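Comments concern the structure below.
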Amino acid sequence: MPVHNSEIADAFDKLADLLEIEAANPFRVRAYRNAALTIRAHPHAMAELVAQGADLSELPGIGDDLAKKIRTLVETGELPALKQAERRTPGALVAMLRIPGLGPKRVRALHAQLKVRSLKDLERAARAGRIRELAGFGAKTEAKILDQLQRQAQVERRATRSAAEDIAAPLLAYLGAVKGVKQVTLAGSYRRCRETVGDLDILITASKDAPVMDRFVSYDEVVAVVSQGDTRSTVRLRSGMQVDLRVVPQVSYGAALHYFTGSKAHNIAVRSLAVKRGLKLNEYGVFKGDKRIAGRTEQEVFDAVGLPYIEPELRENRGEIEAARQGRLPKLLTLAELRGDLHCHTEASDGHDSLRAMALAARELGYDYLAICDHSRHVTVAHGLEPERLAAQLDAIDKLNDELDGIVLLKSCEVDILADGTLDMPDDILARLDLAVCAVHYKFQLSRRRQTERILRAMDNRHFSILAHPTGRLINDRPPYDIDLERLMKAAVERGCFMEVNAQPDRLDLSDEACRMASELGLKVAISSDAHSCAGLGCLRYGVDQARRGWLTADDVINTRSLKALRRLLQR
DNA sequence: GCCGTTTTCGGCCCGACTGTTTTCAGTCG
């Protein structure tokens, strides 16, 4: 069983946590965390790189020592440095760091002075009133710890972008209506278009006397005020979402937006660049001595540190700063560049709207084409189509295409990939399609080898066009099935087929890292809504967000092509 | 532990808020 990148990253993160509790050199701790970030985001498996004899110390934030540790982990499955740390400090202590208000110093104190070794111990100590007696702790801290321990029982989930928007929209409108407020911007991971959002970060510029903070904490949905100051406050909403609000003067808007957009790792890297230029960068601007030399816009901030503008989606310290310095940032795909949608359903299977309604909705969106992909028969719960029903639908599409101007319906089907890798539709009818969108909908538990071979075999069918939702994951609900994605991507390139970036907010499958790997391997993708209604076509923008995070350009995406060019690409 | 158009040694981002503090450490983003 190969060691996954996430396991290596987890090991380094845990070691960093333990070292922090031990009060080790904070920069050494950061080195482990940076390495974990690099490894987690890396499109290729470290195990593969090790096997190929690659020089891991060329990766950013990884030097000779960490390269050796990665190698050891890959080859033995163990990290001796972590084992040793766990002998010195109980590994269970790292769980305490997850409790808001407890950091490494306090966890260390609790362990050293109260012999707390686990969350259970912590709860007992809090109930016994022993925590308040420690220096640096008090009754309030003790109560907060107990409260948080109870809260921890609830599962922690990050909201999808779409859920976050539902929560944010009314709050942004409410804040925008406060007297004296000028700009209201949603920053943070939402602005970076991450597939999930942990909390909302709102940036506001307002006149000095605007009662922003008072209004913020008295918002109807607020159930707890975590902190409140003149320029920054944090609340928790009924939905469980935490919201940070930051108010800055207009001259600082750009610097504050950059700072509040993050990511943290990106900010640290950019601030380091400022330091090298003898400048100081904070949320109020770029300073030379006491003099503010930039900060009204983000562009000014980037100019000051000698970088071109970097799009928020790229700000993860995954190589964007290097790329910016070398002038090789990608020109990211935009929603307007998409000419059509290559995956949707109608009432013939599990969609809600008719063929005609979907066609008109697509035309309204300005598309040139829309592929109709109702399920094949194996997906019985979705009223999957028998070959005969599909044949009838294809006739109906021909008829509608004759009748409608300004939109072309493409004949397709979301064909099930059966357990043995054959397709759930006979070849003679597949031959009538413009494209076949193929997908796995059952037998998720096959071994990595068998699942990969199942899909490879399906791709061998020359009618196979696009692998839909390639990993099957559902955000917060179902992990991806175990496949060798890199092998499948290479195979798709060789066979002239493609993969989908499914734009459903709870799928977003491929992931951002996988998009980047596809681009590096020369595999083109389709960004598709998988809409089950006219309104559902609108979620295509989430797929664009994901593709942008994966550094994709219009050239990487097949549905940026004209219909004619698309048809050429679909020929195998 | 990493890294180098000031360095192979000596740096490593920066500020707000809270609680326990009489001047600040710890935590957080």
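Proteins come first, then strands; the chains are lettered A, B, ... in the order of their sequence lines, and each starts at number 1. Since we're looking at a predicted model, the values are computed, not measured.
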All N/O contacts under 3.5 Å from nucleotides 3-9 of chain B to the protein, with atom names and distances to one decimal?
unit_1 : atom_1 : unit_2  : atom_2 : d
B:dC3  : OP1    : A:Gly61 : N      : 2.8

Table of protein N/O atoms under 3.5 Å from nucleotides 25-29 of chain B N/O atoms:
unit_1 : atom_1 : unit_2   : atom_2 : d
B:dT27 : OP1    : A:Gly103 : N      : 2.7
B:dT27 : OP1    : A:Gly103 : O      : 3.1
B:dT27 : OP1    : A:Arg106 : N      : 3.0
B:dT27 : OP2    : A:Lys105 : N      : 3.2
B:dT27 : O5'    : A:Gly103 : N      : 3.4
B:dC28 : OP1    : A:Gly101 : N      : 2.5
B:dG29 : O4'    : A:Arg232 : NH2    : 3.1
B:dG29 : N7     : A:Lys264 : NZ     : 3.4

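The aromatic rings of A:Tyr219 and A:Tyr174 sit tilted, their planes meeting at an angle between 30° and 60°.
Taking side-chain N and O atoms only, A:Thr231 has no distance below 4.0 Å to OP1 or OP2 of B:dA16. Of the side-chain N and O atoms in A:Thr141, none sit less than 4.0 angstrom from OP1 or OP2 of B:dT18. Taking side-chain N and O atoms only, A:Asn267 has no distance below 4.0 Å to OP1 or OP2 of B:dC13. OP1 or OP2 of B:dC13 lies within a sub-4.0 Å distance of a side-chain N or O belonging to A:Arg30.
Straight-line distance between the C1' atoms of B:dC12 and B:dC17: roughly 25 Å, to the nearest whole Å. Rounded to whole Å, the C1' atom of B:dC2 lies 37 Å from the corresponding atom of B:dT20. Comparing the C1' positions of B:dA16 and B:dG10 gives an interatomic distance of 29 Å, to the nearest angstrom. When the C1' atom is used for both B:dC13 and B:dG29, the distance is 12 Å, rounded to whole Å.
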Using residues 165-173 of chain A as the side-chain source, report each donor-acceptor pair under 3.5 Å to any protein atom, sequence neighbours left out, with the distance given to one decimal.
unit_1   : atom_1 : unit_2   : atom_2 : d
A:Glu165 : OE1    : A:Arg541 : NH2    : 2.9
A:Glu165 : OE1    : A:Tyr542 : OH     : 2.6
A:Glu165 : OE2    : A:Tyr190 : OH     : 2.5
A:Glu165 : OE2    : A:Arg541 : NH1    : 3.1

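Here B:dT18 sits opposite B:dA25 as a Watson-Crick or G-U wobble pair (both hydrogen-bonding atom distances under 3.5 Å).
For A:His258, the ring pair (Phe, Tyr, Trp, His ring centres under 6.0 Å) partners are A:His266, A:Phe302, not counting sequence neighbours. A:Asn5 meets the side chain to side chain donor-acceptor pair (under 3.5 Å) test with no other residue; sequence neighbours excluded.
Contacts with DNA chain B (heavy atom under 4.0 Å) in residues 303-318 of chain A: none are found.
Checked against B:dC14, B:dC13, B:dC2, the side chain of A:Lys280 finds its nearest nucleotide in B:dC14. Residue A:Ala31 has its side chain nearest to B:dC2 when only B:dC2, B:dC17, B:dG15 are considered.
A salt bridge (charged side-chain N to carboxylate O under 4.0 Å, His left out) with A:Glu20 holds for exactly one of A:Arg106, A:Arg33, A:Arg108; it is A:Arg33.
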